[in-house]
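The next block holds one structure in the form of structure tokens; read it before the comments.
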Amino acid sequence: MNEHSYTKTGTVGGTITIILANINSGDVIKTAVLAGVGALVSFIISFLMKELVKWWKRS
């Protein structure tokens with residue numbers, strides 16, 4: 001590896017380390033819960049819309 005590669009690798013490694021050090025575990029949990037709620041709501045709405053279209057076509 002040349003000097004440029006070492007500099008780039010060190011910079012990326014340092015940036016990732018700082019980002020990981022500043023992430024609060026509560027934020028990760030909150031993000032995971034919100035993602036789950038969003039997926040559930042999306043699934044329910046899609047299911048209801050599908051049923052509505054079926055009902056509409058029958059009548």
Side-chain angles (χ1 to χ4, degrees):
M1 291 174 82
N2 59 22
E3 283 184 37
H4 183 68
S5 295
Y6 288 128
T7 303
K8 188 183 278 187
T9 303
T11 302
V12 171
T15 302
I16 291 172
T17 302
I18 293 301
I19 290 171
L20 291 176
N22 287 322
I23 292 178
N24 186 354
S25 62
D27 291 339
V28 174
I29 293 169
K30 182 170 45 171
T31 301
V33 169
L34 288 174
V37 169
L40 181 64
V41 168
S42 176
F43 175 78
I44 291 170
I45 295 298
S46 296
F47 178 78
L48 292 175
M49 292 296 289
K50 185 171 122 178
E51 293 300 316
L52 181 64
V53 168
K54 282 182 187 179
W55 176 78
W56 190 314
K57 286 183 177 182
R58 280 186 277 164
S59 52

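Under the 4.5 Å side-chain heavy-atom criterion for Ile, Leu, Val, Met, Phe, Trp and Tyr, I19 and V12 are members of the same hydrophobic cluster. Under the 4.5 Å side-chain contact rule for hydrophobic residues, V33 and F43 do not share a cluster. Under the 4.5 Å side-chain heavy-atom criterion for Ile, Leu, Val, Met, Phe, Trp and Tyr, V41 and M49 are members of the same hydrophobic cluster. By the rule that hydrophobic residues join a cluster once side-chain heavy atoms approach within less than 4.5 Å of another member, I29 and V37 end up as members of one cluster.
S46 places a side-chain N or O within donor-acceptor distance of the main-chain N or O of S42, the cut-off being under 3.5 Å.
Between K57 and V53 the shortest side-chain heavy-atom distance falls below 4.5 Å. Contact check for L52 versus L48: no side-chain heavy atoms found under the 4.5 Å cut-off.
Atoms OG1 and OH, on T11 and Y6 in that order, are 14.5 Å from each other to the nearest 0.5 Å.
Among residues two or more places apart in sequence or in another chain, the side chain to side chain contact (heavy atoms under 4.5 Å, CB included) test is passed with N22 by I18.
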